[in-house]
Structure formats: structure tokens, C-alpha cells
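Along the sequence shown, the residues carry numbers beginning at 1. Quick caveat, the model's predicted, so the values are computed rather than measured.
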Amino acid sequence: MPPDEGLSRRHMLAVLGTGAVFPTAGCAGDSDDGGDDDQDDTSPPDEDDADDTSQNGDDSPTPENEPPEILDYDVEPTDFGTRLLVTLEGEDNQEIERAAISYGDLRIEETPESPSVSVEGALTDIHEADLEETPGTVIFALEDVEGEVTEKTTRPHTGSPSVSIESAATTNPDELALAIEATDEIGLYRIQVDVNGNSVEQIDVTGSAETEQELRIDADGVSDGKMNEITSRVRNTFGTTQDTTRDQYVREFEPLEDQDTEIGAVYLPFFENKGRWADCAVGESEAGRYTMDDHHALNRHGDLMNGFGISRVKIDYSVPNDPLTDSFFSTRDETLLSEIPLEVLYAISNSMKFRGENSVVDQIERSLEYARDTIFEQPNLGTREGKPVFDIWNLRTVTWGGDAFSLEVKESVLDEWGDFESFGGYMRETLTKDGTEPYMIADTSDLGRLYLQDSSGISEILELVQTFDAVTNWTGKNVPGETTPRDEALSFQEENFQGYNQLANDLNIDYIPRVYPSFDDRENDCWGDDRYTPRSTEFFREMLNLADQYRTVDQIDVATWNDWGEGHQIEPGEHGGEAFGTEYLEVVKEFSPGDA
């Protein structure tokens with residue numbers, strides 16, 4: 001085998017088991033008087049005499065000693081690298097005093113005391129060798145009687161092990177699930193798992209060239225409610241290691257099960273856009289100013305939702321192929337948020353505002369196709385009656401016509417589809433995928449109150465709503481420039497709930513009420529209108545109880561999980577300088593619905 005770079009003389013001496021410093025060349029010694037008595041000491045010997053003295057070891061110089069020569073050496077790993085078969089052959093022009101083969105502190109040594117040597121043997125328990133001095137190197141050494149040393153080195157295995165790791169949070173708080181795969185063509189020795197820099201598991205895999213390990217890690221080093229750094233370190237039998245590292249969120253809350261009523265929460269993905277955290281937010285999230293590719297934030301959201309009873313997440317989107325929405329989908333797949341069924345909330349009024357050069361009709365078509373082809377393909381899609389849920393926010397934008405913007409939308413829809421009933425049919429047909437129709441929800445703000453007061457003035461929106469499967473509301477009474485007391489807001493919302501309940505029964509469709517904990521856009525410099533309803537857990541609890549009275553199906557929605565621009569978020573954080581933590585989530589968790 002080709003030699004590695006030679007080691008130091010200190011290593012040579014250690015291998016040969018001596019502390020003496022050996023000369024690197026032979027030396028001529030003095031001899032006793034061995035000549036003819038009759039010959040003058042000062043006269044040179046004749047030729048015959050010189051030959052005689054050389055043969056008899058008299059005063060003539062000895063031949064120069066040559067270092068031992070290693071003729072052949074070899075090493076072959078066996079038994080998955082736990083055993084090395086070794087051979088060494090050599091010769092010397094005088095005598096070989098010692099022959100040694102070593103690997104770390106493991107050693108074979110012979111004392112042939114002859115001009116040639118042949119050593120064969122096995123070094124065993126290779127994985128237990130102390131490799132501090134000569135990591136992974138086999139040393140072959142010969143020493144002759146004059147102290148000359150010759151050495152060759154080689155590495156029996158130069159490859160590194162390969163390792164991969166998959167991780168997941170289990171359903172138990174403070175626990176990690178790991179799946180580790182490792183291979184080494186010669187042999188593995190040990191797998192070590194570190195969490196946040198602390199060793200939490202060591203597995204002996206001696207005697208195998210490949211292994212698959214499934215572990216549950218429940219250790220003091222795990223930090224719940226946070227991302228944890230997981231490192232898997234694999235060592236082969238020759239001391240070579242390979243690491244792989246990944247980050248994994250560890251669940252803090254045990255998921256709630258067997259809820260009698262679904263609680264959905266509207267989820268906004270756009271606050272990272274155009275400085276909205278700085279300019280639009282009226283509070284601060286516990287998770288900071290997160291983005292939609294923030295694995296910690298989305299894991300945290302999924303953990304909280306699972307732990308406190310949010311069983312549906314309604315993704316708010318306005319523009320098809322929006323990078324923020326797409327980022328949300330890709331990150332969601334890798335986080336605990338993917339455990340929450342996904343519903344769609346299409347903000348049609350915002351879609352019309354941000355349509356750019358697209359016409360109203362083109363923007364509607366593109367938005368519906370995006371929902372059908374992209375959102376409906378997401379894993380764990382929320383359904384009702386086996387149909388994917390499609391909620392349209394502020395649907396009255398299409399039928400109102402009370403300002404130039406709404407009038408353009410209304411006229412474009414009627415020019416294209418003729419009437420609102422046909423438009424509703426078009427949306428259902430476009431959203432139908434592989435023969436499965438959508439479950440369509442119409443969000444029409446305070447239509448319930450208007451329906452109780454005088455339904456004659458809302459005939460066009462009713463024409464459109466009757467093509468849907470369900471109706472819902474948004475938040476309650478929010479007057480620009482005014483503070484709405486909580487009792488007044490509750491009275492307004494109860495009337496709205498009652499009207500929606502009656503409308504749903506009259507049209508033979510469902511009603512899914514939507515509740516909120518407060519409203520505050522006074523410090524929102526983006527779209528704020530100085531509207532304010534004070535925040536209160538009791539107000540939120542009372543509104544949930546009202547919604548429970550008027551719902552017609554087993555679901556209530558919350559506006560919102562994280563609309564920090566209008567102050568009705570229930571995600572933990574601070575508002576108005578006061579941290580509210582999980583107070584509003586506790587209200588959801590404690591909610592005990594009656595029979596609808």
C-alpha cells in the first residue's frame with residue numbers, strides 16, 4: 001500500500017517500545033592488536049594481511065551499516081472495521097532486532113534477531129483504540145541491532161461515514177422524534193446526538209456498515225416553545241466523524257382533542273410587506289416581526305393553535321401568486337401549522353385594488369384559478385361536507401356600487417356575466433376540481449342587521465348570496481373617528497348574528513358567525529381610520545357565547561389570529577403597552593358550546 005507521510009522520530013521510538021535515541025548511520029569501532037608480531041606497527045599491511053584482518057574482525061574498518069528495508073506491508077480491515085489483518089516483511093544487512101505494527105495503543109511486536117523478518121497478525125477491537133497520538137494510522141517499523149529505524153505508515157480507511165437526520169415534534173410537549181441513517185463501507189462505531197450543544201444520547205453501532213435509528217428525545221437540554229439545534233455525530237471504527245445539524249421546534253402545549261365546535265382563525269401573511277410591521281401594526285407579536293419563511297414563528301403559531309383549540313386556519317389572500325402567500329405555503333408544510341386544516345379567505349375588494357393592469361374580470365379569473373390549482377392542492381386542506389372551503393371577504397364590493405371603485409367592479413361583473421346569480425354559478429364552476437365543488441362562504445359584513453331592517457334594499461347581494469353554501473360576518477360596529485363602547489358593540493353584533501341566522505334559514509344555507517376581541521386602528525398609518533373598541537377578554541367571551549346561540553353549524557370563526565393593523569389579533573403579544581400573552585387563547589380553550 002502507498003505510504004502516508006512519515007511520522008516523527010518520537011513516534012518511531014514509541015512504536016518500537018524504546019526510549020533510546022538511535023543513531024541514523026553505522027559507526028566504525030576500534031579494534032585490538034591483531035597483526036603480526038614481526039610487523040612494524042607503522043608500516044602498512046600487505047594485501048594478504050589486510051584481507052585476513054577484515055575477515056577476522058581485527059583493526060580494519062567494518063562495512064557501513066544500512067537501515068532496515070521494509071519490503072512489503074499491508075493492512076486489511078475486516079469484521080466491519082473492528083479487526084485489522086496486518087503483514088510486514090523486511091530485511092537488514094546485519095540483524096533486525098525488533099519488528100512492530102501498531103494502531104494507536106494497539107500493537108504487535110516481534111524480536112527476530114535475524115537479517116530478515118515476516119510478521120502476520122491481527123489487531124482487534126480497533127474501535128476501542130486510543131488514537132490521540134496517531135489518529136487512524138497504522139505504523140510499520142523495523143529496528144536493527146545498530147538502532148537504525150525504518151518506518152512506513154498507511155491509513156486502513158480514508159473515507160468518512162455518511163449521516164442524515166430527520167426530526168419532528170411529537171404530540172408530547174418537551175419531546176423530539178429523530179430518525180437517523182448512517183453508513184460507512186468499512187464499519188460504524190458510535191452515534192452521538194446533541195441538543196443545543198449538550199450530548200443527550202450515545203448509541204453503540206459497532207459491527208455494522210449501516211444503521212437506521214428511531215429515537216424519542218426527552219431531555220433537560222430540550223427547550224420547549226423554541227427551535228432547538230439538533231446535531232447527529234457519527235464515528236466510524238477508525239475515528240473519523242461526520243456531523244449533520246438541523247433546527248427543530250419542540251412543542252410546548254399538548255394538542256386539544258375532541259372539540260365539539262370548530263374554531264377557525266383568519267390568518268394574515270402580509271405584514272412583512274412594505275414596512276407594515278413598522279407603519280401599520282398597533283402592537284407587537286410575542287414572536288417579533290416575523291416573516292412567512294420564519295420557521296420559529298409558524299411553528300409557534302401551530303403549537304399555540306393546537307394547544308388552545310384553534311382547529312381551522314383561514315389564509316387571507318388577495319393577489320394570485322403573491323410571494324408572501326407562496327412563502328407561507330412552503331414554510332407551513334415544514335411546521336406545526338401544517339397540523340391545522342387550511343381554509344381559504346379571498347379578500348375580493350383588496351384583489352380589485354391591487355390588480356395592476358389586469359381588468360376586473362381577468363383578476364377574478366386569475367384569483368379563482370390560483371385558489372383551485374394552488375391552494376386547493378395544499379396538504380391538510382380544510383373541508384366541509386367533503387368540499388374545500390372558499391370564503392370571500394367583503395363580497396358586497398361586487399354588488400354595492402356606492403363609490404367609483406365599487407361601481408367599476410359591479411359594472412364589469414354584470415357586463416361579463418349578466419346577473420349576480422350567473423356570477424355565483426361561474427365562481428362555483430371555476431373552483432370545482434376533479435368533480436368536487438367548493439363550499440362557498442359569503443362574508444357580507446353587517447348584512448344580517450340590514451336583512452332584519454329592510455331586505456328590499458339588498459336584493460342584489462341576496463341574489464348573489466343564495467348561490468353560496470354559507471354566510472358569515474366580519475367585525476362589528478366600527479365608526480371612523482369614534483370609540484365604540486363594548487356593550488354597544490355587543491348589542492350591534494347580537495342583532496347582526498340574529499339577522500344572519502334568519503337569513504340563512506330563509507335561504508336554506510349555513511351561518512358561521514365570526515367574533516373578535518377588540519378593534520383598534522388608531523396608530524395604523526397605512527389604512528387606519530381612528531376606529532376603536534377597547535380590548536377585553538370578557539368582551540371576547542361574551543361574543544363567543546352570542547355566536548354560539550346563533551350559529552347553524554358546528555363552527556365559529558375568529559377575526560383574527562394576527563391582524564396587528566386593526567388590533568383584533570388573539571396571537572400572544574402586547575397591545576397598548578400591555579402584554580396579554582395567551583389570555584384570549586385561554587378564552588377559546590375554556591369555551592363550552594351548546595347545541596346549535
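Under a 3.5 Å cut-off, the side chain of Asp224 and the backbone N or O of Val250 do not form any donor-acceptor pair. Thr237 contributes no side-chain N or O that, together with a main-chain N or O of Ile126, makes up a donor-acceptor pair within less than 3.5 Å. Judged purely by atom type and a 3.5 angstrom limit, Asp322 uses its side chain to pair as donor or acceptor with the backbone of Thr325. A donor-acceptor contact shorter than 3.5 Å links the side chain of Asp105 to the backbone of Asp130. Trp277 places a side-chain N or O within donor-acceptor distance of the main-chain N or O of Tyr290, the cut-off being under 3.5 Å. Proximity of a side-chain donor or acceptor of Thr383 to a complementary backbone N or O of Pro388 within less than 3.5 Å is not detected. A distance-only check finds no donor-acceptor pair linking the side chain of Glu109 to the backbone of Arg98 [under 3.5 Å]. Side chain of Asp184 to main chain of Leu188: no donor-acceptor pair is present (N/O by atom type, distance under 3.5 Å, no hydrogens or angles). A donor-acceptor distance shorter than 3.5 angstrom exists from the side chain of Asp294 to the backbone of Ala297, with no hydrogens or angles considered. Using a distance-only test at 3.5 Å, with no hydrogens or angles considered, no donor-acceptor pair links the side chain of Asp194 to the main chain of Gly197.
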**Item:** side chain to side chain contact (heavy atoms under 4.5 Å, CB included) between Phe140 and Val119, intermediate numbers included
**Value:** CA-CA 10 Å; Phe140 302 83; Val119 179; over 6 Å; no
**Request:** Apply salt bridge (Lys or Arg N to Asp or Glu O under 4.0 Å) to the pair Glu262 and Arg384, showing each step before the final yes or no.
**Result:** CA-CA 11 Å; Glu262 301 268 15; Arg384 179 167 286 279; 5.9 Å; no
**Request:** Start with the C-alpha distance between Gln555 and Asp557, add both sets of side-chain angles, then the distance that settles side chain to side chain donor-acceptor pair (under 3.5 Å), and finish with yes or no.
**Result:** CA-CA 7 Å; Gln555 182 167 337; Asp557 288 341; 2.9 Å; yes
**Message:** I'd like to know whether Ser232 forms a side chain to side chain donor-acceptor pair (under 3.5 Å) with Thr244, so could you lay out the CA-CA distance, the side-chain angles of the two residues, the decisive distance to 0.1 Å, and finally the verdict.
**Reply:** CA-CA 6 Å; Ser232 176; Thr244 185; over 6 Å; no
**Prompt:** Run the side chain to side chain contact (heavy atoms under 4.5 Å, CB included) check on Glu229 and Asp247 step by step: do they pass?
**Reply:** CA-CA 5 Å; Glu229 184 181 78; Asp247 292 331; 3.8 Å; yes
**Request:** Go through the steps to decide whether Trp393 and Asp316 satisfy the test side chain to side chain contact (heavy atoms under 4.5 Å, CB included), and finish with yes or no.
**Result:** CA-CA 9 Å; Trp393 179 76; Asp316 178 309; 5.7 Å; no
**Intermediate values then yes/no, side chain to side chain contact (heavy atoms under 4.5 Å, CB included), Phe308 and Ile263** = CA-CA 10 Å; Phe308 289 90; Ile263 304 292; over 6 Å; no
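Within the 4.5 Å cutoff, the side chain of Gln213 has heavy atoms near those of the Val205 side chain. Taking 4.5 Å as the limit, every side-chain heavy atom of Phe80 sits out of range of all side-chain heavy atoms of Thr206. In this structure, the side chains of Lys433 and Asp373 come closer than 4.5 Å at one or more pairs of heavy atoms. Contact of the Leu368 side chain with the Phe390 side chain is registered, since non-hydrogen atoms from C-beta on lie closer than 4.5 Å. Counting heavy atoms from C-beta outward, Thr430 and Glu365 have side chains that stay 4.5 Å or more apart. Contact of the Phe271 side chain with the Asn562 side chain is not registered, since no non-hydrogen atoms from C-beta on lie closer than 4.5 Å. Side chains of Leu585 and Phe580 form no contact here, defined as non-hydrogen atoms less than 4.5 Å apart. By the 4.5 Å heavy-atom criterion applied to side chains, Glu97 and Glu146 are not counted as neighbours.
Contact record, Leu142 with Pro68: CB-CB, 3.8 Å, taken as the closest heavy-atom pair. The minimum heavy-atom distance between Ile217 and Val195, with the atom names listed, is CG2-CG2, 4.3 Å. Closest approach of Glu66 to Asp144, counting heavy atoms only: O-OD2, 3.4 Å.
Just one of Tyr103, Tyr189, Phe238 meets the ring pair (Phe, Tyr, Trp, His ring centres under 6.0 Å) condition when paired with His127; it is Tyr189.
Counting non-hydrogen atoms of neighbouring residues, nucleotides and ligands closer than 6.0 angstrom, the CD atom of Gln378 exceeds 12 such neighbours. In this structure, Gln202 places its CD atom where more than 12 heavy-atom neighbours from other residues, nucleotides or ligands lie under 6.0 Å away.
The aromatic ring centres of Tyr370 and Tyr317 sit less than 6.0 Å apart.
Within the structure, every pair that satisfies the side chain to side chain donor-acceptor pair (under 3.5 Å) test and touches residues 329-343, not counting sequence neighbours, is listed here: Arg251-Glu339, His295-Glu334, Asn306-Glu339, Arg312-Glu343, Lys314-Glu343.
Salt-bridge check for Glu252 with Lys226: failed, with every basic side-chain N at 4.0 Å or more from each acidic carboxylate O.
No donor-acceptor contact under 3.5 angstrom links the side chains of Thr240 and Ser160, judged on distance only. At a cut-off of 3.5 Å, with distance as the only test, a side-chain donor of Tyr346 or Ser367 sits close to an acceptor on the other residue.
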